[in-house]
Amino acid sequence: MQKNIINDLLWRGLIQNKVPGIENQVKKPTTIYTGFDPTSDSLHLGNLLPIIVLIHFQKMGHQSLILIGEATGFIGDPSEKDESRIFLKREKLHDNAKSIKNQIIRLIKDHSEGIELLNNINWIKNLYFLEFIREIGKFFTVNYLMSKDSVKKRMKNNKNGISFTEFSYSLIQGYDFLYLNEVKNCQIQIGGSDQWGNITTGIELIKRKTGKKVYGFTFPLITKPNGEKFGKSHNGNNIWLDKNKTSPYKFYQFFMNVSDENVERYIKIYTFLSKEVIDNLILNHKKDPSKRILQKKLAFYLTEWVHGYESSKTIMKISNILFNEINLELLDEKYFMMIYENIPHMFLSYIEFKKGIFILDILKHSGFFTSKSESYRAMKANSILLNKKIIKENIILTKNNIICKKYIIFQFGKKEFFILKID
RNA sequence: GGGGAGAUACUCAAGUUUGGUUAACGAGGACAGACUGUAAAUCUGUUGGCUAUGCCUUCGCAGGUUCGAAUCCUGCUCUCCCCA
């Protein structure tokens, strides 16, 4: 443990804010924690960061706690929110917690030895309100809590204001830290930059109640150059880790489309590759950026981690087929099957097909267009391709359009594909 | 409770005084085309729907006036501001 993990994390761009003295604290084995509130039934790309950081610590011989915040989710964190969250039902939170837990277990399976999963409902449900506001509340002035960014912002916001429920969130999370410090000897809490206020509340609480010094740090919000959050696709949707919410193909493609400007940053953040390996990759990438060495590495690496090696390999193959100049006519059927299974698709019986079906009707069903007018316009703009050839007329599909006996590949623009299977 | 302002498409935002070339200026975003490398920048186009060179439906909601309404009238809902 001679190498200083803080320096490594700084180099990777994974530290935004840190409590002074943390460098010394991590020289000896420490227990570190982060939490996820089960606000959804799946984690998304943004949630990967805390896990990545914990694994970095893990690799250096530290212990980690991953907290599922079923109790905190019940209250709703006001951080980075302009208006109050809609309260989730207890059962919903419970179900979410379960599926998130399973996801986390899969993500940390190679490092699970020193990682423990906990759910704060287990200790918070036994808390008595009176006792809590007296024994915990007494350590904080309202003035202190009001100075937190997340609260301040909402106090200024006349439109929505902040409910007492949300106002008290920070205390509950602080209590978690206190509990984990006492029961698990946890010394460090980490989180995204929006968690700084909550983390420092916990640190303060522990200091005032027990006199112990504990630490924390936050990592930056990952953004694109235009300031948008990274990890959301263009239309603002999250990139989810659940393959039913975001297909592995789409997940992979998301990273393939990272711009050169960002890819160096992201490969440091999102992979565990060593500085030497990364520096070398960057060097090679710069020799010929058009080869997209870093994008390919990043996409494959993360898809493999989140969706498995086999899946990642398959997707790499079909991406090659779809995006490169490959004669589809010469392709073996097994590749079409692979494509069919991994990208948006539709099945049609041959009998239906023979009745005559217009291209625009297929496009409407593809999900890429919300209306026929839209696909009509796209066709006029030369952005519809049928088996890689531009198609300008809304023709009725015939046998001649079918390749490899069963398939028709539609392409919209440069990046969206759709496959029709007829049998 | 009293007074004032407002609600227009994904968002911001014209248009309302003086009703009619207004599917609704403009900006942003998004998407597409060209150029490229599934990058960035730039240029161009599109951005209500359909049985598609035509037709239908939209300006908070519901009615009304009119040959014709986002625009005028009535009622309703909601939002913001000021005073109590």
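In the text below, chain A, chain B and the rest are named by the order of the sequence lines, each starting its count at 1. These numbers come from a predicted model, not from an experiment.
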The correct set of residues in residues 304-318 of chain A placing a heavy atom under 4.0 Å from RNA chain B is none
- Can you establish whether the number of heavy atoms outside A:Tyr335 located under 6.0 Å from its atom OH is more than 12? no
* State, yes or no, whether a side-chain contact exists between A:His56 and A:Arg12 at a heavy-atom distance under 4.5 Å. => yes
Answer yes if the ring centres of A:Phe417 and A:Phe323 are under 6.0 angstrom apart, and no otherwise. yes
Using a strict cut-off of less than 4.0 Å between a Lys/Arg side-chain nitrogen and an Asp/Glu carboxylate oxygen, indicate whether A:Arg377 and A:Glu374 qualify as a salt bridge.
-> no
The reported gap from CD1 in A:Ile15 to CG in A:Asp8 (rounded to nearest 0.5 angstrom) is 9.0 Å
Quick tally for nucleotides 37-47 of chain B: nucleotides whose base has a protein heavy atom under 4.0 Å get B, sugar-phosphate-only ones S, the rest -, giving BBBS-----SS
A:Leu363 atom CG is separated from B:rC31 atom P, nearest whole Å, by 18 Å
Quiz prompt | Pairwise P distance for B:rC82 and B:rC72, with rounding to whole Å | solution = 28 Å
Worksheet entry | Residues A:Gln195 and A:Asp77: side-chain donor-acceptor under 3.5 angstrom | yes
Gap in Å between the two P atoms, one belonging to B:rG4 and one to B:rG15, rounded
22 Å
Short side-chain to backbone donor-acceptor contact, A:Ser312 and A:Thr303, under 3.5 Å = no
The salt bridge (charged side-chain N to carboxylate O under 4.0 Å, His left out) partners of A:Lys392 (sequence neighbours excluded) come to none
Item checked: Salt bridge present between A:Glu264 and A:Lys286 (N-O < 4.0 angstrom) -> yes
Given side chains that start at C-beta, do those of A:Phe167 and A:Val142 come closer than 4.5 Å, heavy atoms only?
yes
- prompt: If the P atom of B:rC50 is compared with that of B:rG20, how far apart are they to the nearest Å?
  reply: 30 Å
Q) Any donor and acceptor pair, going by atom type alone, linking the side chain of A:Gln25 with main-chain N or O of A:Tyr215 inside 3.5 Å? A) no
Taking the C1' atom in each of B:rA14 and B:rU8, what is the distance between them to the nearest angstrom?
9 Å
Phosphate oxygens OP1/OP2 of B:rC50: is one of them under 4.0 Å from a side-chain N or O of A:Ser371?
-> yes
Encoded 5' to 3' (Watson-Crick or G-U under 3.5 Å; [ ] crossing; | other strand), RNA chain B becomes ((((((((.[[[..)....(.....]]]((((((.......))))))(((...)))...[[[[[..)....]]]]]))))))).
Next item on the list: Describe the nucleic acid contact of A:Ala378 in one word from base, sugar-phosphate, nothing, applying a heavy-atom distance below 4.0 Å.
Entry: nothing
Practice task
Sticking with atom P, work out how far B:rC43 lies from B:rA24, rounded to a whole angstrom.
Solution key: 25 Å
Atom C1', compared across B:rU46 and B:rA9: separation rounded to whole Å:
15 Å
**Pairwise P distance for B:rG2 and B:rG75, with rounding to whole Å** = 15 Å
* To do: Answer yes or no: is there an ion pair linking A:Arg292 with A:Asp260, defined by an N-O contact shorter than 4.0 Å?
  => no
> With a 6.0 Å cut-off on ring centres, are A:Phe412 and A:Phe369 close enough?
Replying inline: yes
With rounding to whole Å, what would you report as the distance between B:rA62 and B:rU18 at their C1' atoms?
28 Å
Sorted by chain and number, sequence neighbours left out, side-chain hydrogen bond (donor to acceptor under 3.5 Å, both in side chains) with A:Tyr169 holds for A:Asp37, A:Gln173
So which protein N/O to nucleotides 52-54 of chain B N/O distances come out below 3.5 Å?
{"residue": "B:rA52", "atom": "O2'", "partner": "A:Tyr376", "partner atom": "OH", "Å": "3.4"}

